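On a predicted model such as this, the values are computed, not experimentally measured, just so you know.
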Amino acid sequence: MSTVIAPADEAGIIAAVQAARAAREPLAIEGQGSKRGLLRPVQAARSLSTRGLTGVTLYRPAELIISARAGTPLAEIEAVLAEKGQQLIAESPYLNGVFGTSTPPSIGGVVAANLSGPRRITWGATRDHVMGLRFINGAGEAIRSGGRVLKNVTGLDLCKLLSGTYGTLGVITEVTLKVLPAPETSATLLIETPDLASAIAALSAGLGSPFGVSGAAALPGSGHVVAALRLEDFAASVAYRMEKLRGLLGNFGAQRVMEEGESRAFWRNVREVEPLQAMPEEAIWRISVRPSAGPRIAAAAKAISGRAMLDWGGGLVWVAAEPSIANHAVISAAAAAEAGAAMLFRAPESLRLAVPVLPEEAAPLAKISARVKEALDPSGLFNPGHLRAA
């Protein structure tokens with residue numbers, strides 16, 4: 001395991017980056033270290049962690065804005081918001097069960113990985129709610145992008161650029177996020193359908209309705225598939241819309257409604273990919289496709305004795321199967337055939353080193369990526385080999 005450097009402030013992060021640049025020594029960038037098993041192992045002898053940078057630096061409930069240092073645990077942010085009846089919009093997952101860790105994710109790590117949960121289907125991804133960032137580039141310079149107001153249109157949108165780049169372009173030290181009021185209650189309609197195609201049709205009909213579905217997942221069961229659709233809001237509104245939604249989808253199969261507590265627990269399990277955690281020795285793939293292609297990805301998983309669950313109306317497919325180069329090739333080919341993208345999300349280190357964990361970029365996009373990397377991290381200090389083999 002590499003040596004971990006965890007400065008207590010941004011000045012310490014800057015000093016560490018400048019020292020690494022002078023010594024020409026790359027760094028593994030991390031927050032709380034909860035997702036070291038994600039993507040390719042970083043080729044660096046030392047890790048630079050933001051775990052020492054904690055605390056909420058600004059919270060204006062009336063303006064729906066919160067700022068926090070990058071190492072602040074996600075749970076701490078959620079607790080602060082809950083006191084004022086508010087929540088993070090994208091329902092970001094913890095994924096401790098997936099990676100077999102107990103350390104809570106940091107808010108900087110959530111943004112760096114652009115992790116989003118079931119609510120993404122209607123409210124957008126984490127990156128869509130990042131209003132501002134502070135980060136350190138490869139020259140050891142502190143850069144601020146965006147601001148602390150919702151009507152922020154100044155400068156280049158480096159917030160979206162760094163969201164989802166997994167620490168390869170800079171070290172995020174502070175984030176500012178838009179938040180929203182938390183719903184009073186949640187209810188979920190479960191529909192027992194004969195197959196995945198029918199389940200996706202039910203989800204599509206629900207999402208296309210005017211009833212404000214905020215979660216749409218399909219979980220294969222024994223001889224059937226459960227289509228799950230969530231409603232959130234004031235109790236009276238949820239009750240009214242649920243009645244209408246049940247009427248609209250009455251022809252798809254037998255129905256059952258889960259109320260508040262059961263509904264919230266169900267979607268926590270979907271968010272954390274809990275149905276696929278039973279066998280920790282399996283690899284897990286995360287595939288993004290158009291919703292109508294979801295059943296075909298699930299069929300490819302079944303062909304290699306794998307298991308699948310679908311979120312985002314069928315557009316996000318999680319697959320668990322034996323970790324092997326052959327299985328990775330099958331899942332990657334199935335995603336590519338549907339113009340989708342497959343990520344090897346969890347696997348033994350040997351497999352993550354042996355195969356591409358992400359799809360290859362098209363040549364024009366690869367050129368742009370290289371130019372961005374050259375501008376922000378010209379010495380290649382940050383997370384070398386994390387996304388693709390050098």
Please tell me if the side chains of [X] and [Y] come closer than 4.5 Å, counting only heavy atoms from C-beta onward.
X	Y	result
Arg371	Ser369	no
Ser106	Thr54	no
Pro73	Gln32	yes
Glu361	Lys367	no
Val98	Gln277	yes
Leu53	Glu174	no
Arg296	Val289	no
Val273	Leu95	yes

Next on the checklist: Once rounded to the nearest 0.5 Å, what's the spacing between atom CG of Leu133 and atom OG of Ser163?
Outcome noted: 5.5 Å
Checklist entry - Out of curiosity, Phe266 CZ to Arg271 CZ, how far, rounded to the nearest 0.5 Å? => result 13.5 Å
Under a 3.5 Å cutoff, is there a donor and acceptor pairing between the side chains of [X] and [Y]?
X	Y	answer
Ser186	Trp267	no
Tyr59	Gln86	yes
Thr185	Glu260	yes
Asn96	Thr101	yes

Please answer whether the main-chain N or O of [Y] pairs with a side-chain N or O of [X] as donor and acceptor at a distance below 3.5 Å.
X	Y	answer
Arg40	Gly385	yes
Gln87	Leu81	no
Asn137	Leu376	no
Asp128	Ala125	yes
Lys373	Thr168	yes
Arg307	Pro275	yes

Next on the checklist: The test is side chain to side chain contact (heavy atoms under 4.5 Å, CB included); show your working for Val257 and Thr188 and say whether it passes.
Outcome noted: CA-CA 6 Å; Val257 175; Thr188 297; over 6 Å; no
Checklist entry - Which heavy atom in Glu232 sits nearest to a heavy atom in Ser214, and how many Å separate them? => result OE1-OG, 2.8 Å
Is it true that [X] and [Y] fall in one hydrophobic cluster, defined by side-chain heavy atoms closer than 4.5 Å?
X	Y	result
Val42	Leu344	no
Ile331	Leu358	yes
Val171	Ile107	no
Leu115	Leu74	no
Val175	Ile14	no

Checklist entry - Going by the angle between their ring planes, with limits at 30° and 60°, are Phe345 and Trp318 parallel, tilted or perpendicular? => result perpendicular
Checklist entry - Is it true that atom NZ of Lys302 has more than 12 heavy atoms of other residues, nucleotides or ligands lying nearer than 6.0 Å? => result no
Next on the checklist: For Ile325, I'd like to know if atom CD1 has over 12 heavy atoms of other residues, nucleotides or ligands within 6.0 Å.
Outcome noted: no
Item to check | Evaluation steps, salt bridge (Lys or Arg N to Asp or Glu O under 4.0 Å), between Glu30 and Lys35 | outcome: CA-CA 8 Å; Glu30 65 179 31; Lys35 297 177 182 63; over 6 Å; no
Next on the checklist: Glu91 and salt bridge (charged side-chain N to carboxylate O under 4.0 Å, His left out): which single residue from Arg120, Arg230, Arg268 fits?
Outcome noted: Arg230
